[in-house]
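The figures here come from the full heavy-atom set of this structure, side chains too, leaving out hydrogens, waters and symmetry mates.
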Amino acid sequence: MLDTLKALADPSRLRLVAVLLHGEFTVQELTRILAMGQSRISRHLKILTEAGVLAVKHQGTWSYYRAGEVNRFFNAIRPAFEGELGGLPERGRDLSAVAEVLEERRRRSQEFFDRHARQWDDLARTLLPVPEYRRHLLELVPDDGTVLEIGTGTGGLLVELATRAARVIGVDHSPAMLEEARRRLAHRGAGGIELRLGEMTHLPLPDASVGCVVANMVLHHAANPAAVLGEIRRVLALGGVLVLADLARHEREAAREQLADQWLGFEDAELAAWLAAAGFAHVRSERIEGTPGQEAVLVVRAS
């Protein structure tokens with residue numbers, strides 16, 4: 001308890017914790033958000049991490065800091081702590097800076113997909129065991145009702161989803177990707193599929209409006225994966241199902257630049273914790289291995 005109180009007894013460290021309760025950020029991002037030098041930020045992060053208030057996740061050469069889970073005392077006082085954050089003098093400025101960093105992450109991803117829409121399918125087949133993991137994914141999709149695919153890309157999965165669902169909606173944040181999807185659907189003569197422009201964290205659908213959400217290789221591009229899962233929970237009807245396929249944790253650092261990846265895949269436990277926080281009670285995960293040179297894929301069903 002004493003170590004925790006000492007770690008929190010500093011205005012700058014209070015601001016850091018307040019920011020990291022909103023997501024995971026690198027040291028470089030935190031220097032921008034709090035407008036402080038890197039050495040100062042690093043010193044405060046070290047104190048908070050040693051006290052267990054924060055935790056650090058290493059992904060390649062990047063390190064992401066987030067609110068920790070092992071400090072029982074901090075977890076006990078956290079609700080009261082969060083309730084007082086609005087009184088911090090810099091709170092409004094810090095939240096605006098957080099929004100700017102998340103928007104930059106989102107914009108970088110959208111620009112990549114706008115540039116590479118026509119090449120995306122070839123890239124995916126090279127780097128991923130596409131036929132194997134898609135077969136597992138489709139087996140988990142319910143046979144009726146409305147299915148929403150987020151990050152629909154060039155629409156490669158939409159036609160297959162339409163054979164299983166009464167109604168299919170595809171959402172993507174890239175106009176170029178949606179145009180490729182329209183071309184594909186027209187070429188295949190596929191009808192009854194609706195395409196919408198929208199963000200993963202602000203889906204263009206009302207609450208509890210779909211029976212199944214499919215998230216195929218999109219979460220590792222998300223600026224804030226936990227927020228995306230919360231938004232998915234919002235649009236799912238009672239008893240609805242999330243079917244998710246994404247990269248297992250890997251060390252292909254070049255993926256950040258080559259593919260605009262924000263995250264180098266995920267661990268099973270990491271996804272399970274986010275899903276539980278979003279309100280999913282039942283989670284089942286399977287790992288699909290690729291051939292040499294391909295990344296493994298996690299296929300998850302949550303309800």
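- There is no path of hydrophobic side-chain contacts, each under 4.5 Å, that joins Ile47 to Met1.
- Here Leu138 contributes atom CG and Leu161 contributes atom CG; the two are 6.0 Å apart, rounded to the nearest 0.5 Å.
- The distance from atom CE of Met36 to atom CD1 of Ile41, rounded to the nearest 0.5 Å, is 5.0 Å.
- Minimum heavy-atom separation, Leu88 to Ala18: CD1-CB, 4.2 Å.
- Hydrophobic cluster membership differs between Phe25 and Leu264, with clusters built from Ile, Leu, Val, Met, Phe, Trp and Tyr side chains linked at under 4.5 angstrom.
- Ring geometry for Phe81 against Phe74 counts as perpendicular: the plane angle is over 60°, on a 0 to 90° scale with 30° as the lower cut.
- In Lys57, the NZ atom is crowded: over 12 heavy atoms of neighbouring residues, nucleotides or ligands sit closer than 6.0 Å.
- Contact record, Ala181 with Gly153: CB-O, 3.7 Å, taken as the closest heavy-atom pair.
- Under the ring pair (Phe, Tyr, Trp, His ring centres under 6.0 Å) criterion, the residue pairs touching residues 268-293 are Phe266-Trp274, with sequence neighbours excluded.
- Of the possible donor and acceptor atoms, none in the side chain of Asp172 sits under 3.5 Å from a partner among the backbone N and O of Gly198.
- Using a distance-only test at 3.5 Å, with no hydrogens or angles considered, no donor-acceptor pair links the side chain of Arg106 to the main chain of Ala222.
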Legend entry - Leu148/Val168 under side-chain contact (heavy atoms from CB on, under 4.5 Å): CA gap, chis, key distance, verdict: CA-CA 6 Å; Leu148 165 68; Val168 176; over 6 Å; no
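- A 4.5 Å side-chain heavy-atom check between Ile232 and Ile150 finds at least one atom pair inside the cut-off.
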Legend entry - Verdict with reasoning, Leu298 to Tyr133, per side-chain contact (heavy atoms from CB on, under 4.5 Å): CA-CA 8 Å; Leu298 298 176; Tyr133 90 75; over 6 Å; no
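- Rounding to the nearest 0.5 Å places CZ of Arg234 at 14.0 Å from CG of Leu229.
- Linking ILVMFWY side-chain heavy atoms closer than 4.5 Å, directly or via other members, places Trp62 and Tyr65 in two distinct hydrophobic clusters.
- At least one side-chain heavy atom of Val243 sits less than 4.5 Å from a side-chain heavy atom of Cys212.
- Counting only heavy atoms from C-beta outward, the side chains of Val147 and Ile169 never approach each other to under 4.5 Å.
- Atom CZ of Arg184 and atom CG of Leu157 lie 10.0 Å apart (nearest 0.5 Å).
- In this structure, the side chain of Glu270 engages the main chain of Glu267 through a donor-acceptor pair within 3.5 Å.
- Looking only at side-chain heavy atoms (C-beta outward), Val299 and Ile288 come within less than 4.5 Å of each other.
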Inset, instruction - Under the salt bridge (charged side-chain N to carboxylate O under 4.0 Å, His left out) rule, what do Lys46 and Glu50 come out as? Steps first, then yes or no, please. - result: CA-CA 6 Å; Lys46 183 175 186 292; Glu50 288 178 347; 2.6 Å; yes
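- Between Glu29 and Arg105, at least one side-chain N (NZ, or NE/NH1/NH2) sits under 4.0 Å from a carboxylate O, which counts as a salt bridge.
- Looking at Asp246 and Leu271, their side chains never come closer than 4.5 Å, going by heavy atoms from C-beta outward.
- Here the straight-line distance linking atom CZ of Arg301 with atom CD of Glu139 works out to 12.5 Å at 0.5 Å rounding.
- Ion pair Arg32/Glu104 flagged as a salt bridge, since at least one NZ, NE, NH1 or NH2 atom sits closer than 4.0 Å to an Asp/Glu carboxylate oxygen.
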Inset, instruction - With side-chain contact (heavy atoms from CB on, under 4.5 Å) as the test, would you mind laying out the steps for Gln28 and Gln38 before giving the verdict? - result: CA-CA 7 Å; Gln28 291 74 21; Gln38 182 170 330; 4.3 Å; yes
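- Contact record, Ala278 with Arg233: O-CG, 3.0 Å, taken as the closest heavy-atom pair.
- In plain terms, the two heavy atoms of Glu289 and Ala296 that are nearest each other are OE1-CB, 3.5 Å.
- By the criterion of side-chain heavy atoms lying less than 4.5 angstrom apart, applied directly or through intervening Ile, Leu, Val, Met, Phe, Trp or Tyr residues, Leu8 is grouped together with Val19 in one hydrophobic cluster.
- Under the side-chain contact (heavy atoms from CB on, under 4.5 Å) test applied with His22, the options Leu102, Leu95, Leu85, Asp94 reduce to a single match, Leu95.
- Using a 4.0 Å cut-off between charged side-chain N and carboxylate O, Glu194 and Arg196 make a salt bridge.
- Under 3.5 Å, the side chains of Asn224 and Thr201 contain no donor-acceptor pair of N or O atoms.
- The two residues Ala51 and Ala7 come nearest to each other via the heavy atoms CB-CB, 3.7 Å.
- Under a 3.5 Å cut-off, the side chain of Ser209 and the backbone N or O of Leu205 do not form any donor-acceptor pair.
- Interatomic distance, CG of Leu140 versus NE2 of His136, reported as 9.0 Å (0.5 Å rounding).
- Between Arg15 and Glu90, the closest side-chain pair of non-hydrogen atoms falls below 4.5 Å.
- No side-chain heavy atom of Leu54 sits under 4.5 Å from any side-chain heavy atom of Arg66.
- Using modelled atom types, one finds a donor on one side chain and an acceptor on the other under 3.5 Å when comparing Thr152 with Glu149.
- Looking only at side-chain heavy atoms (C-beta outward), Leu45 and Leu30 come within less than 4.5 Å of each other.
- With a 6.0 Å radius and a threshold of 12 heavy atoms from other residues, nucleotides or ligands, Arg188 has its CZ atom at or below the threshold.
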Inset, instruction - Kindly determine whether His58 and Tyr64 satisfy side-chain contact (heavy atoms from CB on, under 4.5 Å), including the steps that lead there. - result: CA-CA 6 Å; His58 301 289; Tyr64 288 88; over 6 Å; no
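- A side-chain donor-acceptor contact under 3.5 Å links Arg93 to the backbone of Ile33.
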